[in-house]
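Reading through the structure tokens given below for one structure.
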Amino acid sequence: MKIKTKMLKAGLISGLLLAASVAQAQVSVMLPANPGGGWDSTGRQSMAAMNKAGIYTGTVNYTNRGGAGGTIGLAEFQNKAKGKADELAVFGAITVGSITMNNSPIKLEEFKPLARLTAEYLVIAVRPDSPYQSLQDLAAALKENPGAVPVGGGSAGGVDHIALSLLAKANDADASKINYIPQAGGTETITGIVNGTLAAGISGISEFQQFADMGRVKILGITSSERMEGLDVPTFKEQGFDIELANWRGVLGSPDMPEDNYQEWISRFEQLNDSDAWKETMETQGWEPFFLTGDEFGEFIKAESERINEVLKDSGLIK
């Protein structure tokens with residue numbers, strides 16, 4: 001009888017351990033972009049660091065679904081993940097404008113705001129022999145004849161486009177008349193700057209830094225609030241333009257995610273932010289910490305949506 005009791009207890013413990021393992025194996029992460037990009041890296045690297053730190057060690061199932069600034073993947077996530085636990089999606093600043101630009105039915109306020117994780121600040125670069133040797137020079141040219149100053153960057157309505165629109169607006173130029181030319185990627189933007197088809201280019205600092213170090217481009221300014229350590233580049237604010245803009249990335253929980261599960265994931269991301277594993281990851285990737293969770297993150301998303309949509313209207317991209 002004692003042997004049977006021990007066997008039953010052993011079976012019960014094994015069953016509980018198996019159940020816990022199965023529960024952890026259900027986590028799914030929507031990456032609304034193609035493999036290899038910033039959102040893809042953010043999702044995979046954050047979960048890998050969480051695993052390394054022992055915060056969450058279960059299996060993670062990833063789905064890549066690129067297109068339309070993340071709205072295709074998020075729309076699928078919104079429909080399939082509603083009300084489910086352990087369903088996460090990566091998104092970022094680009095999503096906000098893309099929703100409006102693509103007339104997407106997505107409403108970010110319906111998702112659960114888990115954590116804003118990282119940011120990359122934007123820079124404007126020109127050829128070293130450019131007639132625009134300062135941000136003031138470029139802003140003045142945009143005001144005098146915006147169509148004559150072709151500037152390249154990411155997708156129309158994205159953070160690069162918004163940064164240029166804010167610069168024009170800050171100098172009383174007509175943001176709807178700027179000559180913004182979307183590029184396929186940072187390499188294409190650099191090529192355009194170097195060969196002279198672009199008067200300037202805008203992108204994340206990581207895209208331009210190596211070319212600046214080689215002397216192929218000159219960086220005029222960065223959209224951070226303060227100068228970045230190890231980077232001899234003045235901020236927009238230093239040069240008289242009250243502009244701060246980050247290409248931030250974060251994580252959403254599914255619409256109607258169970259409250260206990262929502263709080264559990266907030267706690268996990270808070271632990272992640274404090275972990276050495278994540279700090280090492282950010283340093284390796286060249287990411288800046290930009291951490292915020294829960295309701296405060298939700299308020300940030302709301303404010304950012306209002307700001308970006310206002311800029312898109314000023315730029316004539318939406319009515």
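Owing to the predicted nature of the structure, the values given are computational and were not obtained by experimental measurement. Every heavy atom of this structure was used, including side-chain atoms; hydrogens, water molecules and symmetry mates were not. The chain is numbered in sequence order, starting from 1.
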Any ion pair linking E310 and K169 (charged N to carboxylate O, less than 4.0 Å)? yes
Would you say R216 has more than 12 foreign heavy atoms packed within less than 6.0 Å of its CZ? no
Where the side chain of N64 meets the backbone of A33, is there a donor-acceptor pair that is under 3.5 Å apart? yes
Answer yes when E280 and K52 have at least one side-chain N-carboxylate O distance shorter than 4.0 Å, and no when they do not. yes
Write down the atom of S46, the atom of L272, and the distance for their closest heavy-atom approach. O-CD1, 3.7 Å
Test log, rule side chain to side chain contact (heavy atoms under 4.5 Å, CB included), inputs V123 and I202: CA-CA 6 Å; V123 294; I202 303 181; over 6 Å; no
Do the side chains of K279 and E283 get close enough for a salt bridge, i.e. N-O under 4.0 angstrom? no
Could you tell me if the side chain of P255 sits less than 4.5 Å from the side chain of K112, heavy atoms only? no
Between L135 and Q239, what is the shortest heavy-atom contact and its length? CB-OE1, 3.2 Å
Does the S254 side chain pair with the main chain of K84, one donor and one acceptor, at a distance under 3.5 Å? yes
With distance as the sole test, does T223 use its side chain to make a donor-acceptor pair with the main-chain N or O of L122 at under 3.5 Å? yes
Are the side chain of N247 and the backbone N or O of Y121 linked by a donor-acceptor pair below 3.5 Å? no
I'd like to know if the side chain of E288 and the backbone of G286 have a donor-acceptor N/O pair within less than 3.5 Å. no
Donor-acceptor contact present, side-chain S104 to main-chain I106, <3.5 Å: yes
Ion pair present between E244 and K237, side-chain N to carboxylate O less than 4.0 angstrom? yes
Please check if any side-chain donor atom of Q45 sits under 3.5 Å from a side-chain acceptor atom of W278, or the reverse. no
Test item: N79 side-chain N/O and A75 main-chain N/O as donor-acceptor pair under 3.5 Å: yes
So, using side chain to side chain contact (heavy atoms under 4.5 Å, CB included) as the criterion, who are the partners of A199 when residues are at least two apart? Y132, V149, P150
In terms of heavy-atom contacts, does CD of Q263 have more than 12 from other residues, nucleotides or ligands at under 6.0 Å? yes
Euclidean distance, T187 OG1 relative to E207 CD, rounded to 0.5 Å: 6.5 Å
side-chain hydrogen bond (donor to acceptor under 3.5 Å, both in side chains), that's the test. Do Q78 and K107 meet it? Break it down for me. CA-CA 9 Å; Q78 179 176 257; K107 294 181 179 179; over 6 Å; no
Surrounding CD of E226 (heavy atoms of other residues, nucleotides or ligands, distance under 6.0 Å), is the total greater than 12? no
Does R249 make a cation-pi contact with F91 (under 6.0 Å, within 45 degrees of the axis)? no
Using the side chain to side chain contact (heavy atoms under 4.5 Å, CB included) definition, which of the options V29, D86, L88 pairs with V60? V29
What do the steps show when you test E120 against W248 for side-chain hydrogen bond (donor to acceptor under 3.5 Å, both in side chains), and what is the final call? CA-CA 6 Å; E120 184 175 23; W248 52 267; over 6 Å; no
Give a yes/no verdict on a cation-pi contact between R116 and F300, requiring under 6.0 Å between NZ or CZ and the six-membered ring centre and an angle within 45° of the axis. yes
Taking every non-hydrogen atom, the tightest pair across F241 and A170: CD2-CB, 3.9 Å
With a 3.5 Å distance limit and no angle check, can you tell me whether T57 reaches the backbone of G54 through a side-chain donor-acceptor pair? no
Heavy atoms of other groups near N195 CG, more than 12 under 6.0 Å: yes
Is a side-chain donor or acceptor of Y262 paired with a backbone partner of P113 at a separation under 3.5 angstrom? yes
Pair R227-D232, salt bridge (Lys or Arg N to Asp or Glu O under 4.0 Å): steps then yes or no: CA-CA 8 Å; R227 286 201 182 201; D232 187 23; 3.2 Å; yes
Within the distance-only criterion (no hydrogens, no angle test), does the side chain of N309 pair as donor or acceptor with the backbone N or O of S305 below 3.5 angstrom? yes
Flag yes if I72 and Y62 sit in one hydrophobic cluster, no otherwise; membership is Ile, Leu, Val, Met, Phe, Trp, Tyr, and two members link when side-chain heavy atoms are under 4.5 Å apart. no
